[in-house]
2 protein chains.
Amino acid sequence: MKIATLKDIAEQLNISVTTVSKALKDYPDVSKKTKLQVKELAKTLNYKPNAFAVNLRKRESKTIGLIIPVIVHHFFSNVIKGIISQAEKKGYLVITLQSDESYELEKKQVELLLSQRVDGIIISLANGTAKYDHLNEIIAQGKPLVMFDKIAKIVKCSKIIIDDRKAAYTATQHLIDIGCKRIAHFRGALLPQNSIDRFLGYKKALLDNNIPYDPSLVYICECGDMSFEEGKKNAEQLLTDHDDVDGIFINTDLVAIGAMTAFQEMGVKIPDDISIVGFSNWFMSSVISPSLTTINQPGVEMGKMAFKQLLKEIKALKKGKTFEPKTVVLKTDLIVRASTKNTIS
Amino acid sequence: MKIATLKDIAEQLNISVTTVSKALKDYPDVSKKTKLQVKELAKTLNYKPNAFAVNLRKRESKTIGLIIPVIVHHFFSNVIKGIISQAEKKGYLVITLQSDESYELEKKQVELLLSQRVDGIIISLANGTAKYDHLNEIIAQGKPLVMFDKIAKIVKCSKIIIDDRKAAYTATQHLIDIGCKRIAHFRGALLPQNSIDRFLGYKKALLDNNIPYDPSLVYICECGDMSFEEGKKNAEQLLTDHDDVDGIFINTDLVAIGAMTAFQEMGVKIPDDISIVGFSNWFMSSVISPSLTTINQPGVEMGKMAFKQLLKEIKALKKGKTFEPKTVVLKTDLIVRASTKNTIS
DNA sequence: TTCTTAATCGAAAACGTTTTCGAAAGTAAC
DNA sequence: GTTACTTTCGAAAACGTTTTCGATTAAGAA
């Protein structure tokens, strides 16, 4: 019932704890005979090294922390999957926490992970996060930090992102290419960097095509998380504000789907009356009707990359080396589906 | 840069490590003055107790393990969310692993968690799991184990489930009530208990209503995970096998959506030609067209329950008490939407 | 024989905490 | 001056590993 320790093995074999430890890790200064005996007994006693003791001694936990705004989310759960699978391959475990888009919680969770002595932290910022002391503390403690998707540019750490601006530009350009003249934008929250970047990409595409930028066509979401309801609300508002809009680029698929639902309820035809482009390529977007044109955001790959970078830094630090923060930009693709329709050719 | 320890504080204050430790936890045998000094210095040094050392000493990690078949999954990610949030509230952290529906991986992951000395394990079984040695080992080590959703009845541990049979019965009865005469069933994999139970509920509903049970109407999925493609394939097969089916009860929403997509591509009208009921109430199901009638499966609540039960058992064991495994059955609801249509009244 | 080398082992310290137990010093009572 | 408390502290052991460094023995070389 009690879990076996090195001491138990040593006593049963009448040898020292030292020798048992060395035998199990194939040190050269242990005889073949003893090694065999030790290994055999270890197996029958179902010996497993006590991780606490190993951690304490080695000053590393083989564990990393992961903080994300929401778990029930197609993109984020893909990232989680990517991180966990990659980590497991390399012998690391992942402690996951959800910040719920709250700065306060996020800060508390960083403290928690630090006192747990994780070997490194991967984080995607909450929308509410505007102060970065808690992140700088991680770095100050000499712990690797990797941010992904929702990042803070100022913080000196590695970042795994997509080119939001370029992707948004591509999305908007697609609307223009198919003949849209009045293009609205649902930009989500004001703060997060990718919200800003997507907005800038949208704006640039307009200007590059000599379409005047009209601020009244940009809808902001004051609430914490972009949601289905937000999309519905914005769509209804848009319809009362403007009757000439023929295209919308929307920050997130979920919001886009909310908007589409509202439009359909109000008798607006998609894509005939309005073309819509979303962002993220949620699985859902391929099965709704009409299917949603969107930007594919490679979640699993992002997760894997984030862990790989973190591991690189963990290893560098272990060897006493320093490292330069690196920013990896992952490729995105425009996926054209039924929610956008060419009215030109 | 270096992280402060009790010793550092002790040396700077010229007192013993013992006193520092006691001061920080407000032991009565430390003077107010020393307590104040210690706490102040601890704050300025940003002292955080070393979790490894505490764990080693206290023989508990305040960490639990969670193994699930898939992360990117509406129901499971909801459960994860429930577990993590509840655990955080109680001061516990969660290490999440994904078994990918593989018995081998699941077994390895249990070993991993045990050697990590987690305080308990929550698990939802892989479809491929038919042997339970690894689970019994957890119990043999005196660690609490809670299973949810995909459980093994034989294993003596607490279980959080829904009444799959009853839910399936309700779903099938709904199809019968609206006038369906030939009702098919996509049952998913052969092995998992809930797949079996849902099938039994389906069958019982038929028989209770004097509808003959026809095995050729039950479609099995040989593959590991139930997927969108599986639904399409089954739908196509069904259409060539039988032309008189007017209702289907499908194991999982995702498969149901796949089937609906296939039907729509083949010109079969839903719900006019065939009524469909899914299972789980994925968010997606409410926004597709037609929206999907389904059984609501309370993921977050299930996760919270699972953790609560686990914590109860952890606490009992800590006090040296024993406990009786408990099975909690959560309520489900039928959610009627547009994919089923009353052809009677 | 004596010296060198190789092979095999173990004592001990260290990682950072927690907790038990006793010591010391001060105060109060007699 | 002795006894009896109270208050405040610290030594030491323990949790289970890992690793350094010496010790011991045996074998081979001189």
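Each chain gets a letter, A, B and so on, in the order the sequences are listed, and its residues count up from 1.
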Could you tell me which non-hydrogen atom of B:I161 sits nearest to which non-hydrogen atom of B:M302, and how far apart they are? CA-CE, 3.4 Å
Which whole-number value in Å describes the distance from [X] [atom1] to [N] [atom2]?
X     : N      : atom1 : atom2 : answer
A:I9  : D:dT17 : CD1   : C1'   : 12 Å
B:L13 : D:dT8  : CG    : C1'   : 15 Å
A:K33 : C:dA7  : NZ    : P     : 17 Å
A:Q37 : C:dT8  : CD    : P     : 13 Å

Listing request: all side-chain hydrogen bond (donor to acceptor under 3.5 Å, both in side chains) pairs with a residue in residues 317-326 of chain A, at least two apart in sequence or in separate chains.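 Of all non-adjacent pairs touching residues 317-326 of chain A, those that pass side-chain hydrogen bond (donor to acceptor under 3.5 Å, both in side chains) are A:E60-A:K318.
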Mind jotting down which residue pairs meet the side-chain hydrogen bond (donor to acceptor under 3.5 Å, both in side chains) criterion with at least one end in residues 82-96 of chain A? Sequence neighbours excluded, please.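 Qualifying pairs: A:E88-B:Q109.
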Mind checking what makes side-chain contact (heavy atoms from CB on, under 4.5 Å) contact with [X], not counting sequence neighbours?
X      : value
A:V54  : A:P49, A:K58
A:S77  : B:I71, B:V72
A:K153 : A:I151, A:Q193, A:D197
A:N194 : A:D149, A:K150, A:D164, A:P192, A:R198

Between protein and nucleic acid, restricted to nucleotides 4-6 of chain C and to nitrogen or oxygen atoms under 3.5 Å apart, what atom pairs and distances do you find?
none

Using a 4.0 Å cut-off on heavy atoms, which residues in residues 18-27 of chain A reach DNA chain D? List them by number, or say none.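 Per residue number, the list reads A:T18, A:S21, A:K22, A:K25, A:Y27.
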If the condition is salt bridge (charged side-chain N to carboxylate O under 4.0 Å, His left out), which residues does B:D8 pass it with, not counting sequence neighbours? B:K2
Residue pair B:I15/A:D29 against DNA chain D: nearer the 5' end by closest nucleotide is B:I15
Under 4.0 Å between a side-chain N/O of B:S16 and OP1 or OP2 of D:dA11, yes or no?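 Looking at the OP1 and OP2 atoms of D:dA11, neither is under 4.0 Å from any side-chain N or O of B:S16.
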Among pairs that include at least one residue of residues 24-35 of chain A, which meet salt bridge (charged side-chain N to carboxylate O under 4.0 Å, His left out), considering only residues two or more places apart or in two chains?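 Residue pairs with at least one partner in residues 24-35 of chain A: A:K22-A:D29, A:D26-A:K35, A:D26-A:K39.
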Does anything in residues 105-123 of chain A form a salt bridge (charged side-chain N to carboxylate O under 4.0 Å, His left out)? List the pairs, not counting sequence neighbours. A:E111-B:K48
What are the atom names and distances for every N/O pair under 3.5 Å that joins the protein to nucleotides 14-16 of chain C?
{"residue": "C:dA14", "atom": "N3", "partner": "A:R57", "partner atom": "NH1", "Å": "3.4"}
{"residue": "C:dC15", "atom": "O3'", "partner": "A:R59", "partner atom": "NH2", "Å": "3.3"}
{"residue": "C:dG16", "atom": "OP1", "partner": "A:R59", "partner atom": "NH2", "Å": "3.0"}

Between A:E313 and A:S158, is any side-chain donor less than 3.5 angstrom from a side-chain acceptor?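 Yes, a side-chain donor-acceptor pair sits under 3.5 Å.
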